[in-house]
Amino acid sequence: MPSFNIVLACVAVAAARCLDFSTIKSAVEPWLPSTDSHSTHTIQARAPCDPLPSGSGPVALIDTPAMFSSNTLVHLPAQIATTPTLYTRQFVDQSASVNAAGYLGYVLLASYDTANCSAQCNAITGCNAFNIYHERDPLQEPGAACINPASTTNIKCAFWSGGSSAVNTANNVNNGQFRFSFQVLIAGSNGYTRIGS
Ligand SMILES: *[C@@H]1O[C@H](CO)[C@@H](O)[C@H](O)[C@H]1NC(C)=O
């Protein structure tokens, strides 16, 4: 993998949560750095095979892409999630995340908590939509000497301006990517927009 700078975004309301955007497709879109209203900076890319943090989401007993996608535990929380006050649900339990203009960054959650995600969105100027989902991510930076690391599951809460023009079924197209042989996947993806936006 060529060496490159990873864009980090630190969401203003949770400055401790400085997150690596290199693992999601929407984050490497060229528009991201200039449209992200939160503070951004660059750091040196992680070296191949460096350890990556564990997420809080469920990991299947057998660690394969297929077992991630068929694991009931990545779907059930999405299906039973309550729609937060003042929000409308745009889609439920999808296998993709939103890729659109108006991206405002994301945080990792300790649980699949739509109320928490909406409260954090409400605290961000311009945020009026969010996408919450499970993402299958590697536990090591994939590289030539670790082409298919063990996985972890992150619970991501991604923020958007643009309301239903951003977070809608048509824009819910990021269904993962390969990083060397490691397959990044999405499951249990729900989209919500603030009523009137
Ligand atoms: C959301 O959850 C995180 C832990 O995942 C917690 O630190 C934060 O205080 C919560 N925020 C709100 C607004 O509930």
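Indexing begins at 1, ligand by ligand and atom by atom, following the structure's order. All heavy atoms count here, side chains included; hydrogens, waters and symmetry mates do not.
- Between Cys127 and Cys121, the SG-SG separation falls below 2.5 Å.
- For the pair Arg179 (side chain) and Ile147 (backbone), a donor-acceptor distance under 3.5 Å is absent.
- Those atoms of ligand 1 that come under 4.0 Å of a heavy atom in Gln120, given as number and element, are 1 (C).
- Among residues at least two apart or in separate chains, ring pair (Phe, Tyr, Trp, His ring centres under 6.0 Å) pairs with a member in residues 113-132 are Tyr87-Phe130, Phe130-Tyr192.
- Taking the side-chain contact (heavy atoms from CB on, under 4.5 Å) definition, one finds that Pro58 meets it with Asn71, Leu73, Val74, His134, Thr153, sequence neighbours left out.
- Which of Ile155, Asn116, Val107, Leu109 comes nearest to atom 2 (O) of ligand 1 through a heavy atom is settled by distance: it is Asn116.
- Residue contact check: Ala110 has heavy atoms under 4.0 Å from atoms 5 (O) of ligand 1.
- The proximity of Ala119 to ligand 1, defined as any non-hydrogen pair under 4.0 Å, is limited to the side chain.
- Between the side chains of Ser151 and Asp63, a donor-acceptor pair is found at a separation under 3.5 Å.
- Checked by distance only, ligand 1 and Leu108 stay at 3.5 Å or farther apart across all their nitrogen or oxygen atoms.
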